Amino acid sequence: MLCKRRFCLKTVPNLLEILGHTEYFSGNRGVRYKINYKKSKLIRQNQVAGSLTKSISRVKVVLKPITRVSRLAFVKKRWEEEKKEDGVKWKFLEHKGPVFAPPYEPLPKNIKFYYNDEEMKLSHETEEVASFYAKMLDHDYTTKDAFNKNFFHDWREVMTDKERSKITDLKKCNFKQMHAYFTDLAEKNRNKTKEEKQMLKEKNEALLKEYGFCVIDGHKEKIGNFKIEPPGLFRGRGEHPKMGKLKRRVEAEDIIINCSKDSKIPEPPPGHRWKEVRHDNKVTWLASWTENVQNQVKYIMLNPSSKLKGEKDWQKYETARKLHQKVDKIRENYQADWKSKEMRIRQRAVALYFIDKLALRAGNEKDEDQADTVGCCSLRCEHIELHEEKDGKDYVVVFDFLGKDSIRYYNEVPVEKRVFKNLQLFMENKKQGDDLFDRLNTQIMNKHLNDLMEGLTAKVFRTYNASWTLQQQLDELTNADDTVAEKILSYNRANRAVAVLCNHQRAVPKGHQKSMEKLKEKIDAKRDQIKDAERQVKDAQREAKHGSVKEKVAYDKKKKQLERLKDQLTKLEIQETDRDENKTIALGTSKLNYLDPRISVAWCKKYEVPIEKIYNKTQRAKFRWAIDMAGPDYRFDRIKK
DNA sequence: TTGACGACTTAGTAGCATAATA
DNA sequence: TATTATGCTACTAAGTCGTCAA
């Protein structure tokens, strides 16, 4: 049905957003609207939003809610229509370049650095690097030898000759005043007045407005990280041999700008020039530089809400769904390979079994100058233990290794006898430090996987198993008669099952125990209230039996109050369970990277749970495509022919 | 075949903003 | 209204995987 209404700016808050780059927007209650502009001269001239703000309230629009079917068709059609030739990512790209880190502000004169108990005035750059260390004095990093050694080495490199000859021992450096100064500064920043905070906010918003967006093929899109990383000390995770090294300041001269030839080229800061301006439309980045600690290229890229990223995300889940069609065959295949005559094939088959069953990462080889972490293909003999029998289970493999970000993976897994025997074979005549799969690496694995299915790589299994688990867990845990709060608990539990599978951990939040105790107190108090209310209901019932209308009304009131209290108690109990189960598990990573969002969208629609309860604003922006595409019947494990 | 490199995704956390509570 | 708890965002490190050259 066509609903014709005249909208002013107030009723269409994000109308601004649509001008110049899209004709679709979301209205109330998550409904997507298609907009037909009625003789809008402004739009036909295709002017940019900024210059039109004053006239917007006069724009007449006809809004037509898009049905689910046409929404799906629309998203797909739009992506089809704008398909580019192979490898081409855009035809037009314009942006304003990155924002550089603010310059270093020297310390006030009264803040002193002492060496060997003697006051010492440091040169500008030496002081700046010292300040990086001083700020971290409270941090665990500064207790680590590697951190201190690397910092001191790099710090000495920026010193003047005079400073270098004098400062020869980090232990004799006293950064305490500097540290106190920065702590104090942070405190002052926190206690800024409302007005000061507002001013700062406006300043940031202005910066975002100017540098935070780009125009790509006629659409205005948000940039993910438009600020250049400021200088500081490298914070590698785990036992990273380079921790504490100086991450130097990045200047325009380090930056490569990528944009269209026919776009307005961004201006470098005054007195500077870009390292290079290139026009490579086969990549998606807007700017890049090489950082000095690990010599890696860093990029300025689009926000996950952008069309380009969204499309890629969609493709990722489509590949995972394709795997679902083939996975039975692939499993049969690798199980047969456990018996192969060739060692390399047996190793490949056992490794693939782990990747599939345990959602292990591929495990590329790493350099010596990185933290010692492993994935499946790079497992070493010391990372597994074999037990013919453990805790009443046969053929148990105990995995214990550090994975990505030096997060420990510990798992006791009963496996098939043949897998177990193969592992014994692989470990024969090997010692600690030797590769478990010495005839295998990720290239070999991925080459094999690509032969089995186009586009198949090791990481597709993680996506596939994560999404499949979510779908299966939601089927199992959701009860249509539950309250919204109970349904959300089920959703979180399904999400948690995935996070456990993928080993997504987090540090126990600060004050977790305290907050749990408080919650328990609240629950006890609520129980007392309920007991009290129950007594009151009983009394009221007795009085109502022989009393007048007034007593009956009072009885009803008491009953309702009791119901309300019981509801509140259930909610608190749910919160308690949820929070405790979540103590060391991070749900965000799987939600953002592994779970086909259409499963969640469909679940919300099917069980009438508002999407806002599952995805926050940023997540909704990232998964816009899925919210548009999926109806209540969408299934990850079913592809319509 | 191997290693280096480039491009992109996946990852946990610090610190800020906002909501809840006292 | 001040304080505390919680949620969100920005940040940037650390993976994966494809390509290219030696």
Side-chain angles (χ1 to χ4, degrees), chain A residues 87 89 101 135-136 139 186 189-192 194 197 200-201 204 208 212 223-230 232 234-238 240 242-243 247 256 258 280 282-285 288 290-291 293-299 301-304 308-309 312-313 315-316 361-367 370-371 373-378 402-407 441-447 449-450 455-463 466 499 502-507 509-512 514-516 518-519 522 575 579 582 584-594 615-619 621:
Chain A
K89 306 285 171 45
K135 279 179 191 163
M136 292 178 73
H139 206 287
N189 279 335
R190 267 197 297 276
N191 296 331
K192 271 189 176 146
K194 243 186 181 175
K197 279 186 178 168
L200 208 67
K201 201 176 166 190
N204 281 334
L208 176 74
I223 298 169
N225 56 325
F226 60 92
K227 286 181 188 162
I228 298 284
E229 292 170 22
F234 177 71
R235 299 180 177 208
R237 317 229 169 106
H240 200 298
K242 290 194 171 179
M243 65 168 81
K247 238 174 74 157
I256 303 172
N258 194 32
D280 182 356
K282 300 221 162 148
V283 295
T284 64
W285 53 267
S288 74
T290 305
E291 62 75 47
V293 176
Q294 309 210 77
N295 236 355
Q296 282 171 352
V297 189
K298 298 239 174 179
Y299 302 93
M301 286 201 184
L302 291 171
N303 189 272
L308 207 64
K309 294 275 186 195
K312 200 77 192 296
D313 216 27
Q315 271 174 22
K316 175 179 79 183
R361 294 188 186 82
N364 281 316
E365 281 142 277
K366 292 183 78 181
D367 291 341
Q370 290 171 296
T373 64
V374 295
C376 186
C377 297
S378 51
L402 297 182
K404 182 176 178 180
D405 293 312
S406 295
I407 298 288
N441 60 35
T442 53
Q443 295 93 284
I444 295 172
M445 177 63 83
N446 282 334
K447 169 78 189 55
L449 293 175
N450 200 258
L456 186 61
T457 62
K459 97 186 174 87
V460 178
F461 279 88
R462 245 167 108 79
T463 313
C502 295
N503 200 39
H504 290 142
Q505 297 188 30
R506 64 168 183 173
K510 259 184 206 160
H512 172 81
K514 207 176 134 202
S515 85
M516 285 305 287
K518 271 196 164 174
L519 201 55
K522 259 182 164 178
Q575 203 184 348
R579 192 181 295 174
N582 250 1
T584 57
I585 298 165
L587 298 186
T589 309
S590 48
K591 201 187 243 188
L592 238 41
N593 301 299
Y594 288 103
Y615 291 138
N616 66 32
K617 202 175 143 203
T618 320
Q619 292 163 340

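Below, read A as the first sequence line, B as the second, and so on, with proteins coming before strands; counting in each chain starts at 1. Scope of the values below: all heavy atoms of this structure, side chains included, with no hydrogens, waters or symmetry mates. Every value quoted in this text rests on a predicted model; they were computed, and no experiment measured them.
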> Base, sugar-phosphate alone, or nothing: which one does K242(A) contact when heavy atoms must sit under 4.0 Å apart?
Replying inline: nothing
>> Angle between the end axes of the helix from dT1(B)-dA22(C) to dA22(B)-dT1(C), five pairs per end, to the nearest 10 degrees?
In response: 0°
>> At less than 4.0 Å, is any side-chain N or O atom of T442(A) found next to OP1 or OP2 of dT16(C)? Yes or no.
In response: no
>> Rounded to whole Å, please give me the gap between CD in Q315(A) and P in dT9(B).
In response: 10 Å
> How long is the line joining CG of D313(A) and C1' of dT9(B), in whole Å?
Replying inline: 10 Å
>> Whole angstroms only, please: what is the NZ-C1' distance between K316(A) and dT10(B)?
In response: 8 Å
> Think S288(A) has a side-chain N or O under 4.0 angstrom from the OP1 or OP2 of dG6(B)?
Replying inline: no
>> Heavy atoms from C-beta onward define the side chain here; which of dT9(B), dT13(B), dA11(B) lies closest to that of K309(A)?
In response: dT9(B)
> From dG12(B), dA7(B), dA14(C), pick the nucleotide closest to the side chain of V297(A)?
Replying inline: dA7(B)
> Between L587(A) (CG) and dT10(B) (P), how many Å, whole number?
Replying inline: 17 Å
> T589(A) has a side chain; which of dA11(B), dC8(B), dT13(B) sits nearest to it?
Replying inline: dA11(B)
>> Closest approach to the side chain of W285(A), judged atom by atom: which nucleotide of dT13(B), dC8(B), dG12(B) is it?
In response: dC8(B)
> Which part of the nucleic acid, if any, lies within contact of Q443(A), taking any heavy atom under 4.0 Å across all strands shown: a base, the sugar-phosphate backbone alone, or nothing?
Replying inline: nothing
>> Rounded at 0.5 Å granularity, tell me how far CD in Q296(A) sits from OG in S288(A).
In response: 13.0 Å
>> Within the 3.5 Å criterion, strictly below it, is a donor on T442(A) or N364(A) matched to an acceptor on the partner's side chain?
In response: yes
>> Given dT9(B), dA7(B), dC17(C), identify the nucleotide with an atom nearest to the side chain of K312(A).
In response: dT9(B)
> Closest heavy-atom contact between R237(A) and D405(A)?
Replying inline: NH1-OD1, 2.6 Å
> Quick one: CZ on R361(A) to SG on C377(A), what's the gap to the nearest 0.5 Å?
Replying inline: 13.5 Å
>> Strictly below 4.0 Å: does K282(A) bring a side-chain N or O up to OP1 or OP2 of dA7(B)?
In response: no
> Rounded to whole angstrom units, what separation is found between the NZ atom of K298(A) and the C1' atom of dA10(C)?
Replying inline: 13 Å
>> Show the nearest heavy-atom pair for residues E291(A) and V293(A), with the distance to one decimal.
In response: OE1-N, 3.0 Å
> Of all the nucleotides listed (dA11(B), dT13(B), dC8(B)), which has the minimum atom distance to the side chain of H504(A)?
Replying inline: dA11(B)
> Heavy atoms under 4.0 Å, any strand shown: does A371(A) hit a base, just sugar-phosphate, or nothing?
Replying inline: nothing
> In whole angstrom, what separates N204(A)'s CG from dT9(C)'s P?
Replying inline: 15 Å
>> What I'd like to find out is whether the side chain of Q294(A) reaches to under 4.5 Å of the side chain of Q370(A), using heavy atoms alone.
In response: yes
>> Please classify the nucleic acid contact of K447(A) as base, sugar-phosphate, or nothing, using heavy-atom distances under 4.0 Å.
In response: nothing
> When you match E229(A) and G403(A) each to their closest nucleotide on DNA chain C, which lands nearer the 5' end?
Replying inline: E229(A)
> Have Q505(A) and N503(A) got a donor and an acceptor in their side chains that come within less than 3.5 Å?
Replying inline: yes
>> Need one value for A186(A): base, sugar-phosphate or nothing, where a base atom within 4.0 Å counts as base even if backbone is also close, heavy atoms only.
In response: nothing
> Using a cut-off of 4.0 Å on non-hydrogen atoms, how would the nucleic acid contact of P304(A) be classed: base, sugar-phosphate, or nothing?
Replying inline: nothing
>> What contact category does G375(A) fall into here, base, sugar-phosphate, or nothing, at under 4.0 angstrom with non-hydrogen atoms?
In response: nothing
> Between the base of dT10(B) and the side chain of K459(A), is there a donor-acceptor distance below 3.5 Å?
Replying inline: no
>> What contact category does G224(A) fall into here, base, sugar-phosphate, or nothing, at under 4.0 angstrom with non-hydrogen atoms?
In response: nothing
> Closer to the 5' end of DNA chain B via nearest nucleotide, is it T284(A) or N503(A)?
Replying inline: T284(A)
> So which one's nearest nucleotide on DNA chain C is more toward 5', K366(A) or L208(A)?
Replying inline: L208(A)
>> Salt bridge check, K298(A) against E229(A): does any charged N sit closer than 4.0 Å to a carboxylate O?
In response: yes
> To the nearest Å, how far apart are R462(A) CZ and dT10(B) P?
Replying inline: 9 Å
> With respect to the side chain of N593(A), which nucleotide from dT10(B), dA13(C), dA7(B) is positioned closest?
Replying inline: dT10(B)
>> Both D280(A) and I407(A) contact DNA chain B. Taking the nearest nucleotide for each, which residue is further toward the 5' end?
In response: D280(A)
>> Taking only side-chain N and O atoms of R237(A), does any of them lie within less than 4.0 angstrom of OP1 or OP2 on dG15(C)?
In response: no
>> Heavy-atom count check: over 12 atoms from other residues, nucleotides or ligands less than 6.0 Å from K447(A) NZ?
In response: no
> Should the pair Y299(A) and W285(A) be assigned to parallel (<30°), tilted (30 to 60°) or perpendicular (>60°) ring geometry?
Replying inline: tilted
> Can you check whether N364(A) has a side-chain N or O nearer than 4.0 Å to OP1 or OP2 of dG15(C)?
Replying inline: no
> Phosphate oxygens OP1/OP2 of dA14(C): is one of them under 4.0 Å from a side-chain N or O of Q294(A)?
Replying inline: yes
> Rounded to the Å, how far apart are R235(A) CZ and dA10(C) P?
Replying inline: 19 Å
> According to a strict under-4.0 Å criterion, is K227(A) in side-chain N/O contact with OP1 or OP2 of dT12(C)?
Replying inline: no
>> Just to be sure I understand the rule, does Y299(A) reach a base, reach only the sugar-phosphate, or reach nothing, if contact means heavy atoms closer than 4.0 Å?
In response: base
I'd like a table of atom pairs between the protein and nucleotides 5-8 of chain C - only N or O on both sides, under 3.5 Å - with the distance next to each one.
from   : atom 1 : to      : atom 2 : distance (Å)
dA5(C) : OP1    : K518(A) : NZ     : 3.4
dT6(C) : OP1    : R579(A) : NH1    : 3.0
dT6(C) : OP1    : R579(A) : NH2    : 2.6

> What's the shortest heavy-atom distance between K282(A) and D280(A), and which atoms?
Replying inline: N-OD1, 2.9 Å
> Of the non-hydrogen atoms in N189(A) and K197(A), which two are nearest, and what is the gap between them?
Replying inline: O-CE, 4.3 Å
> Atom CG in L587(A), atom CD1 in I585(A): separation rounded to 0.5 Å?
Replying inline: 7.5 Å
